[in-house]
Structure formats: structure tokens, C-alpha cells
Amino acid sequence: TYMFSGREKDSTYAMFTCGAKSAAHKHPDENHFVIYKGGFLAMDSGTRSASGWKDWLDDMWHDNNYYAASIAHNVVTIRMEGETFPGWPDCKYAVANHGGMYKTTGGVVQAYETNDIFTYIAGNSTACYRPEKCRKMIRQFVFVLPDYFVVCDTVESVRDDQAKTWLLHSQNEPVENG
């Protein structure tokens with residue numbers, strides 16, 4: 001879902017990812033969001049460093065353990081000891097246990113409303129996590145025009161000792177202001 005407050009230079013833009021139907025070129029990032037206003041306030045922090053075929057082959061460790069993993073996105077991770085993740089083109093390249101999603105599809109938009117005041121989306125990404133660690137992961141995302149956002153997550157892990165981390169990647173270090 002793409003949202004914006006206008007088409008002027010100082011407008012606010014946002015994107016919310018949920019409900020992918022195809023796994024082709026898709027990262028495990030259901031319920032991820034990006035916010036832009038004069039710079040990225042919330043962004044997808046993963047980037048490929050490869051500049052050619054040989055570099056790309058040498059860089060599969062980075063691609064599998066950060067760039068194309070949940071950890072590079074604004075999502076919630078749930079750490080489960082001993083969890084492994086699918087790697088591409090081979091599982092041997094995915095060695096980091098970052099606590100993210102193990103599936104790239106399966107998120108469901110459960111509610112959506114938009115009008116002249118706000119856009120509201122409720123995304124359920126529970127099915128993207130392993131059932132051994134996630135009972136529920138629902139994100140409610142509200143864009144109140146022109147410049148305000150509310151993010152509310154309902155997260156239930158299977159066990160209390162499975163640490164949950166709320167990720168927010170920004171272009172600059174966030175500063176509390178009011």
C-alpha cells in the first residue's frame with residue numbers, strides 16, 4: 001500500500017508491505033513500512049554491495065544474512081534458539097539467527113480503510129514466522145494526514161523466553177521531539 005499527503009516537495013510518503021502473493025524477488029518483510037519526508041524516516045536498510053556477477057557470487061553471505069533477511073526491515077523479530085533460515089542458492093549461506101520470518105509470503109491484510117483524514121491497515125504476518133515461536137503477529141499501521149503515524153503491534157511468542165525486538169531503521173539517528 002502506498003500513501004502520500006500530496007505531490008509537493010515537502011509531502012510525506014509511506015509504504016506498507018503485506019499480502020504478497022508471489023515469492024519471486026520477495027524478502028521476508030510482511031508488515032514492513034517505509035516513511036519518507038525530506039529524507040527517509042523509516043527505511044529498508046538492506047543494500048547489495050555487488051557490482052557484477054563475480055562480486056554478487058562472493059556477496060551471498062551478506063545477501064542471505066542481512067540484505068534479504070527480516071533484520072534489514074522494519075518488522076518484529078522473535079528469537080528462537082537454534083532456528084535456521086532458508087538460504088539462496090544454498091542453505092549453507094544463511095548462518096545468522098536473526099529471529100526473523102522464515103517465509104516471504106503468508107501475510108494477510110485483515111483491515112483497510114482510507115479517507116481524507118487517515119489510512120488504516122491491519123496486517124497479520126503470523127504465518128510468515130515459524131509456528132514454534134509465533135502465536136500472533138498483527139501490526140496496525142495508521143497514517144494520519146499530513147505527517148503522523150501510529151504503529152501498534154500485537155505479538156505473542158510461544159514461549160516467554162523468546163525475545164521480541166521491534167526494528168526501526170532510519171536514515172539518521174532518531175531524536176525525541178515533544
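- Smallest separation of non-hydrogen atoms from Pro146 and Ser5: O-CB, 3.5 Å.
- Here the closest heavy-atom approach between residue Ser170 and residue Met43 is recorded as C-SD, 3.7 Å.
- Checked options Asn74, Ile121, Val34; the residue passing with Phe16 is Ile121 (criterion: side chain to side chain contact (heavy atoms under 4.5 Å, CB included)).
- Asn65 contributes a side-chain N or O that, together with a main-chain N or O of Tyr93, makes up a donor-acceptor pair within less than 3.5 Å.
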- Would you check, one step at a time, whether the test side-chain contact (heavy atoms from CB on, under 4.5 Å) holds for Leu167 with Thr77? CA-CA 8 Å; Leu167 300 175; Thr77 60; 3.8 Å; yes

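- Among residue pairs with one or both ends in residues 28-41, those qualifying as side chain to side chain donor-acceptor pair (under 3.5 Å) are Lys26-Asp29, Lys26-Glu30, Asn31-Ser125, Lys37-Asp147; sequence neighbours excluded.
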- Message: As a quick check of understanding, evaluate side-chain contact (heavy atoms from CB on, under 4.5 Å) for Phe141 and Met3, giving each step before the final call.
- Response: CA-CA 11 Å; Phe141 186 85; Met3 300 155 269; 3.7 Å; yes

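- Shown here are the side chain to side chain donor-acceptor pair (under 3.5 Å) partners of Thr104, two or more places apart in sequence or in another chain: there are none.
- Within the 4.5 Å cutoff, the side chain of Thr17 has no heavy atoms near those of the Phe33 side chain.
- Atoms CG and CG, on Asn115 and Leu145 in that order, are 8.5 Å from each other to the nearest 0.5 Å.
- Partner of Ser157 under the side chain to side chain contact (heavy atoms under 4.5 Å, CB included) criterion, out of Met137, Met80, Gln162, Arg79: Gln162 alone.
- Taking the side chain as every heavy atom from C-beta outward, Val150 and Tyr148 never approach each other to under 4.5 Å.
- A donor-acceptor pair shorter than 3.5 Å can be found between the side chains of Tyr66 and Ser45.
- With hydrogens and angles ignored, the 3.5 Å screen pairs a side-chain donor or acceptor of His169 with a backbone N or O of Ile71.
- The nearest pair of heavy atoms linking Gly107 to Cys18 is C-SG, 3.9 Å.
- In this structure a side-chain-to-backbone donor-acceptor pair under 3.5 Å is missing from Ser70 to Gly100.
- Under a 3.5 Å cut-off, the side chain of Thr105 and the backbone N or O of Ala23 do not form any donor-acceptor pair.
- Between Val75 and Trp166, the closest side-chain pair of non-hydrogen atoms is not below 4.5 Å.
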- Item | Residue pair Glu156, Arg135: steps toward the salt bridge (charged side-chain N to carboxylate O under 4.0 Å, His left out) verdict | CA-CA 5 Å; Glu156 292 180 19; Arg135 281 200 183 104; 5.6 Å; no

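- The OG1 atom of Thr1 sits 12.5 Å away from atom CZ of Phe143, with the distance rounded to the nearest 0.5 Å.
- Defined by atom type and a distance below 3.5 Å, a donor-acceptor pair is present between the side-chain atoms of Asn124 and Thr126.
- Taking all atoms of both residues into account, the shortest heavy-atom contact from Tyr120 to Ala111 is CE2-CB, 3.7 Å.
- To the nearest 0.5 Å, atom CZ of residue Phe40 and atom CG of residue Asn172 are 12.0 Å apart.
- Of all non-hydrogen atoms in Glu8 and Tyr13, the two that sit nearest each other are O-OH, 3.8 Å.
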- Apply side-chain contact (heavy atoms from CB on, under 4.5 Å) to Thr84 and Arg130, showing your working. CA-CA 10 Å; Thr84 59; Arg130 292 188 188 277; 4.2 Å; yes

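- The OH atom of Tyr129 sits 5.5 Å away from atom CD1 of Ile78, with the distance rounded to the nearest 0.5 Å.
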- How far apart are the C-alpha atoms of Glu81 and Asp161, what are their side-chain angles, what is the distance that settles it, and do they pass the side-chain contact (heavy atoms from CB on, under 4.5 Å) test? CA-CA 10 Å; Glu81 199 61 42; Asp161 65 345; over 6 Å; no

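- In plain terms, the two heavy atoms of His73 and Asp44 that are nearest each other are NE2-OD2, 3.2 Å.
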